[in-house]
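Below is one structure. I have some questions about it.
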Amino acid sequence: MSNDVQKVRSFEHPGEGRRRAKSTPKGRQIDPRAAHEIELLLGARPRRRDLLIEHLHLIQDTYGQISAAHLAALADEMKLAFAEVFETATFYAHFDVVKEGEPDVPALTIRVCDSLTCAMLGAETLLQELQSSTGPGVRVVRAPCVGRCDTAPAAEVGHRFVDHATAASVLAEITGDFHAHLPAYADYDAYLAGGGYQLLQRLRSGEFATEDLLKALDDASLRGLGGAGFPTGRKWRAVLGEPGPRLMAINGDEGEPGTFKDRFYLETDPHRFIEGMLIGAHVVQAAEVYIYIRDEYPAAREILEREIAKLPPGGPALHLRRGAGAYICGEESALLESIEGKRGLPRHKPPYPFQVGLFGLPTLINNIETLFWVRDIVEKGPDWWAGQGRNERKGLRSYSVSGRVKNPGVKLAPAGVTVRELIDEFCGGMADGHGFRAYLPGGASGGILPASMDDIPLDFGTLEKYGCFIGSAAVVILSDQDDVKHAALNLMRFFEDESCGQCTPCRVGTQKAAQLMQQGVWNTGLLDELSQAMRDASICGLGQAASNPLTTVIKYFPDEFMPKEAAE
């Protein structure tokens with residue numbers, strides 16, 4: 001940790017500690033046994049406020065739940081108000097907080113993903129079969145997208161995933177090993193053998209100038225590939241222009257239904273991302289980097305833990321942080337709040353994170369895939385990257401394709417490819433017996449378009465005029481056997497469940513929209529008004545974009561709203 005960063009934290013923490021100690025509820029009895037268990041569990045780990053979520057994970061992993069006694073003991077051990085600990089623990093879906101007098105959580109939890117692609121491929125039937133065939137010691141619950149849409153339907157037994165899940169295959173895993181099974185990937189030695197980390201060394205030694213690297217990113221027109229699409233070089237310059245000390249945060253909370261590209265790259269070639277991250281940290285002179293990985297990616301997290309440990313000494317301090325089941329934490333400011341150990345509530349802007357970010361310091365925030373391409377762009381040249389596009393677009397895109405295609409998965413294709421080209425050239429065509437009817441060009445919030453609009457280049461800036469956007473390039477294919485209104489309802493229910501609740505337009509708007517959409521006949525006028533209010537008044541992108549599937553279905557699928565007699 002740099003001296004500057006230490007000074008900032010030293011200035012913040014003592015005052016915070018005194019304030020929190022005073023606010024600890026008087027009269028709350030700390031169970032001695034629970035206090036002893038928490039003390040042993042934390043061991044020599046720091047009791048800093050920003051580690052609260054990590055400590056909650058320790059309790060959850062050890063005991064399978066978080067009891068009221070353990071919460072109170074943790075609050076006392078960390079010198080925090082019980083309310084602070086309680087509100088954080090109950091905000092995240094993966095913490096099972098058991099209040100006083102409530103029964104314990106069953107020993108084993110099975111989660112069945114019910115987001116769009118899994119729902120299309122039988123998740124509801126799977127859920128019902130498992131609920132009726134498991135014993136009292138097993139809990140079967142719904143789960144939002146777990147990032148395995150290419151192997152839908154997906155289920156999770158403990159922390160072990162079952163791809164192409166059936167009731168039989170899930171039940172067979174109950175007696176299995178619940179540790180993450182690691183896929184084959186390029187480790188540190190293999191990456192070095194392929195020329196890895198040479199660019200980083202040249203940069204650190206001064207052989208390769210920082211300005212030349214930034215120019216390469218600018219000339220290649222590399223943009224943020226997490227969804228926002230902000231020019232990468234410009235973002236790095238903006239952070240560098242702020243007074244130090246500076247920090248860096250990695251957004252690996254890939255929760256958009258239909259998206260799984262970051263998991264793919266972390267589980268196959270992690271060091272290409274790590275080198276890009278270290279290059280970014282060097283450029284903005286960040287002394288510390290916080291890598292936030294969603295809890296649904298245990299294999300990716302274990303791979304990073306193993307491979308980061310192999311890095312030679314030197315460079316910034318790297319901190320792995322674990323999400324806890326909150327889609328909202330993919331929003332950059334909510335991500336920062338979560339890294340700080342708080343509820344993932346989006347911040348009001350300005351100031352922006354590059355000005356006032358993590359722990360109040362200027363912070364560079366980048367997505368996994370954005371950093372993955374830095375080395376290739378610089379070593380192969382920006383012309384190589386810019387020359388990869390199609391239909392007058394530039395670069396490569398990693399399209400997460402799922403749904404009714406023969407070969408779903410991450411498809412590395414030219415930016416600007418159309419959905420028809422993506423299906424035919426990269427996915428082996430439509431699944432047998434299915435005709436192309438509709439598609440999501442950019443995940444749950446990117447809207448739904450009909451198959452007749454299959455010639456639009458899939459890239460930044462090409463879809464907005466249709467009420468859609470490319471986002472993280474999650475493409476979900478629907479067929480003539482799928483109900484587009486039901487698909488839009490599935491997505492709205494997801495947003496209703498994942499709203500952080502901070503602002504009324506999103507919290508109430510998603511709930512009311514889902515209620516209206518459940519009716520046999522949609523009140524399209526009222527839904528349009530509600531959608532406009534959500535877009536205009538929500539604090540962050542979740543509420544602003546949640547109605548995109550709804551409004552595009554109303555606009556592009558008029559037959560769905562015709563009287564039955566007229567349709568026939």
Side-chain angles (χ1 to χ4, degrees), residues 93-94 106 108-135 138-158 160-174 255-260 296 325 327 400-405 408 430-435 437-440 443-445 448 474-499 510-511 513-520 522 546 549-550 553 557 560:
H94 290 186
L108 179 64
T109 295
I110 297 175
R111 291 183 169 86
V112 178
C113 175
D114 69 350
S115 289
L116 182 56
T117 303
C118 285
M120 290 163 55
L121 295 172
E124 192 64 36
T125 299
L126 175 63
L127 182 73
Q128 293 174 5
E129 290 177 349
L130 288 172
Q131 288 175 336
S132 64
S133 58
T134 51
V138 179
R139 177 180 60 161
V140 181
V141 298
R142 297 176 183 274
C145 186
V146 296
R148 306 186 81 84
C149 317
D150 53 333
T151 57
E156 186 181 14
V157 181
R160 181 172 176 176
F161 286 97
V162 182
D163 295 328
H164 303 294
T166 64
S169 64
V170 172
L171 293 173
E173 292 294 328
I174 288 180
E256 182 80 2
T259 311
F260 44 91
E296 292 86 346
Y327 166 75
S400 303
V401 186
S402 65
R404 307 296 191 178
V405 293
M430 294 292 294
D432 291 339
H434 291 268
R437 187 187 182 201
Y439 67 105
L440 281 65
S445 53
I448 302 177
V475 180
V476 183
I477 306 298
L478 281 67
S479 79
D480 49 8
Q481 299 182 31
D482 298 310
D483 184 334
V484 292
K485 289 174 66 178
H486 191 270
L489 174 58
N490 177 286
L491 300 172
M492 186 59 72
R493 284 173 173 161
F494 169 82
F495 291 124
E496 176 190 5
D497 189 57
E498 292 296 333
S499 172
T510 52
Q511 180 188 46
Q515 290 174 351
L516 290 169
M517 294 165 72
Q518 288 172 37
Q519 300 176 6
W522 286 10
L550 158 63
V553 164
F557 297 87
E560 294 288 335

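Everything quoted here is computed from the prediction, not taken from an experiment. Any value given below was found using the heavy atoms of this structure, including those in side chains, with hydrogens, waters and symmetry copies removed.
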Does some side-chain heavy atom of L440 sit less than 4.5 Å from a side-chain heavy atom of L478?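 Sidechains of L440 and L478: in contact.
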
N/O donor-acceptor pairs under 3.5 Å from side chains in residues 111-122, not counting sequence neighbours:
| from | atom 1 | to | atom 2 | distance (Å) |
| --- | --- | --- | --- | --- |
| D114 | OD2 | R142 | NH1 | 3.3 |
| S115 | OG | C145 | N | 2.8 |
| T117 | OG1 | S402 | OG | 2.9 |

Side chain E173, main chain V157, donor-acceptor under 3.5 Å: no

Are S133 and L171 close enough, and set up right, to give a side chain to side chain contact (heavy atoms under 4.5 Å, CB included), and what steps lead you there? CA-CA 9 Å; S133 58; L171 293 173; 3.8 Å; yes

Provide the closest heavy-atom pair for T166 versus L126 in the form atom of the first, atom of the second, distance. C-CD1, 3.5 Å

N/O donor-acceptor pair under 3.5 Å between Q481 side chain and G433 backbone: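 Here the side-chain-to-backbone pair exists.
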
With heavy-atom distances below 4.5 Å as the criterion, would you say the side chains of T510 and M492 are in contact? yes

Taking all non-hydrogen atoms of both residues into account, name the closest pair between K485 and G520 and its distance. NZ-O, 3.5 Å

Go through the steps to decide whether Q518 and R493 satisfy the test side chain to side chain contact (heavy atoms under 4.5 Å, CB included), and finish with yes or no. CA-CA 10 Å; Q518 288 172 37; R493 284 173 173 161; 3.5 Å; yes

Has the side chain of D497 got a donor or acceptor atom that lies under 3.5 Å from a matching backbone atom of F494?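 No, the answer is negative, given that no donor and acceptor are paired below the 3.5 Å cut-off.
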
Minimum heavy-atom separation for S400 to G258, with atom names?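 Heavy atoms only, the tightest pair is CB-O, 3.2 Å.
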
For the student: nearest non-hydrogen atoms of A514 and L489, plus distance: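 So the two residues come closest at O-CD1, 3.7 Å.
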
Stepwise, does the side chain to side chain contact (heavy atoms under 4.5 Å, CB included) test hold for R437 with D482? CA-CA 8 Å; R437 187 187 182 201; D482 298 310; over 6 Å; no

Tell me the closest heavy-atom pair linking E498 and Y327, and the distance in Å. OE1-N, 2.9 Å

Quick one, I174 with I110, criterion side chain to side chain contact (heavy atoms under 4.5 Å, CB included). Give me CA distance, side-chain angles, the key distance, then yes/no. CA-CA 9 Å; I174 288 180; I110 297 175; 4.2 Å; yes

Who are the side chain to side chain contact (heavy atoms under 4.5 Å, CB included) partners of T151, not counting sequence neighbours? R148, D163, H164

What's the separation between atom CG in L108 and atom OG1 in T134, rounded to the nearest 0.5 Å?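 That separation rounds to 9.0 Å.
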
Test side-chain hydrogen bond (donor to acceptor under 3.5 Å, both in side chains) applied to T109 and E156, R139, H94, the passing residue: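 Answer to the side-chain hydrogen bond (donor to acceptor under 3.5 Å, both in side chains) test with T109 among E156, R139, H94: R139.
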
Testing the basics here: between I477 and V475, what is the closest heavy-atom pair and its distance to 0.1 Å? CD1-CG1, 3.7 Å

